[in-house]
Amino acid sequence: MSDVVGGAGVRAMWMRGGTSKGAYFIADDLPGAGIPAPEVTAADATRDAFLLRIMGSPDPRQIDGMGGADPLTSKVAVVRRSARPDVDVEYLFLQVFVDRATVSSGQNCGNILAGVGPFAIERGLVVPQADVTEVRIHMLNTGQIAVARVDTPGGQVRYDGSARIDGVPGHAAPIAIAFEDTAGSTCGALLPTGNMVDEIDGVACTLIDNGMPCVVMRADALGITGDEAPDALEAEDSLRARLEAIRLKAGPMMRLGDVSDSSVPKMTMVSGAKSGGALSTRTFIPHRCHKAIGVLGAVSVATAALLPQGPAAEVAQLPEGAEKSLSVEHPTGEMTVIATVEDGEVTRAAILRTARKLMDGVVFA
Ligand code: NQM
């Protein structure tokens with residue numbers, strides 16, 4: 001730790017990406033290996049000590065750091081130029097736990113992803129094109145590619161605009177992000193058990209990974225309506241204990257091994273849509289209840305709804321056609337997932353996000 005404390009500081013940009021917020025770094029600027037070789041998702045003790053220190057973890061209030069005392073505001077993007085001809089930049093997502101001294105590369109984040117395109121252009125890793133710049137991003141946590149479209153009138157990133165996303169006040173420039181090939185991102189298969197439905201502790205679950213490992217269950221199977229506020233659900237100790245028991249059993253079934261210290265799988269309880277969408281969700285990520293839903297979490301839950309059977313399919317209202325716009329309702333609104341379905345399988349998913357540059361400067365450990 002002592003070698004990361006004090007010193008000259010490290011160049012960082014703070015951004016809101018979708019409904020999350022965090023620090024964006026160029027890999028080479030970080031102490032230690034920002035992106036370790038050869039295993040890019042390996043831990044690096046120097047880097048991780050630095051990140052814990054700047055966020056103020058472990059501490060539920062993160063009072064001695066920049067983190068916002070919430071998993072959604074204690075996030076890091078590490079970015080570098082890619083050597084691959086089909087990719088512009090590589091992005092490693094790191095979750096800095098709030099109340100534990102843990103930095104995890106065990107999940108991806110589609111919200112922080114929304115800031116990666118603007119950040120890469122701002123730092124000169126990608127040359128802006130006229131009006132809109134497409135940034136191809138290799139998501140190192142899971143190995144898939146996302147394509148983000150960033151507004152760049154006059155060669156400058158534009159942050160203001162008229163797009164709005166639920167969970168964020170006001171309007172901003174749209175960033176459309178398309179995902180291809182996210183099935184089995186972490187678990188090796190869309191349905192890692194080979195089943196659309198598995199029963200765990202008497203609850204019917206779909207164990208699915210279309211970009212984010214998720215356990216999808218009916219809200220009524222857990223004794224809730226699915227309308228509750230996140231704080232109310234977090235206050236229910238028996239619900240949390242039941243979800244954690246199911247999660248610990250789901251981990252090995254999903255080829256994730258022992259997940260006691262992992263931020264995946266996410267636990268999503270689904271019910272019928274309340275506001276004209278496809279279905280309604282409440283998601284534990286995995287110990288705090290999300291105020292909205294993660295991007296890739298929403299893609300995975302929407303994909304579960306498109307299966308012929310299972311808890312999500314039972315409660316969902318589905319649109320017609322090969323390109324399906326599924327509004328996934330959550331505690332602060334909805335997230336629309338546009339899913340392309342070919343031969344009964346989701347082959348592409350796209351979502352709309354926004355991002356905002358908040359600070360560009362130097363952060364001290
Ligand atoms: O699912 C929260 C978020 C996320 C992850 C979480 C995410 C995603 O809202 O792609 O974005 O599930 O931990 O940022």
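When a ligand or atom number is given, it counts from 1 through the structure's own listing order.
- For the pair Arg247 (side chain) and Val259 (backbone), a donor-acceptor distance under 3.5 Å is present.
- Between Glu228 and Arg282 there is no salt bridge, since no side-chain nitrogen of the basic residue lies less than 4.0 Å from a carboxylate oxygen of the acidic one.
- For the residue pair Asn141/Ser105, the side-chain donor-acceptor check at 3.5 Å is not satisfied.
- Residue contacts with ligand 1 for Leu72 involve side-chain atoms from C-beta outward but no N, CA, C or O (heavy atoms, distance under 4.0 Å).
- When only modelled atom types and interatomic distance are considered, Ser20 and Lys75 share a side-chain donor-acceptor pair under 3.5 Å.
- Ligand 1 has an N or O atom lying under 3.5 Å from an N or O atom of Val295, backbone or side chain.
- Regarding atom 4 (C) of ligand 1, its nearest protein heavy-atom neighbour is Lys75 NZ, 3.3 Å.
- Residue Gly110 has at least one nitrogen or oxygen atom sitting less than 3.5 Å from a nitrogen or oxygen atom of ligand 1, judged on distance alone.
- When each atom of ligand 1 is checked for a heavy atom of Ser20 under 4.0 Å away, the hits are 3 (C), 9 (O), 14 (O).
- Below 30°, between 30° and 60°, or above 60°: for Phe25 and Phe50 the angle between ring planes is above 60°, a perpendicular geometry.
- With a 4.0 Å cut-off on non-hydrogen atoms, Cys109 touches ligand 1 through its backbone as well as its side chain.
- Inclusion of Met212 in the set of residues having an N or O under 3.5 Å from an N or O of ligand 1 is not warranted.
- In summary, Arg136 and Asp88 do not engage in a salt bridge, as defined by a charged side-chain N under 4.0 Å from a carboxylate O.
- Residue-level proximity to ligand 1 for Gln95 is absent, since no heavy atom of it falls below 4.0 angstrom.
- With respect to atom 6 (C) of ligand 1, the closest heavy atom belonging to the protein is Lys266 NZ, 3.5 Å.
- A salt bridge links Asp70 to Lys291: at least one charged side-chain nitrogen sits closer than 4.0 Å to a carboxylate oxygen.
- In the model, Ser74 has a side-chain atom that pairs as donor or acceptor with a side-chain atom of Gln62 under 3.5 Å.
- Protein heavy atom at the shortest distance from atom 9 (O) of ligand 1 is His290 NE2, 2.6 Å.
- Looking at atom 1 (O) of ligand 1, its nearest protein heavy atom turns out to be Gly297 N, 2.9 Å.
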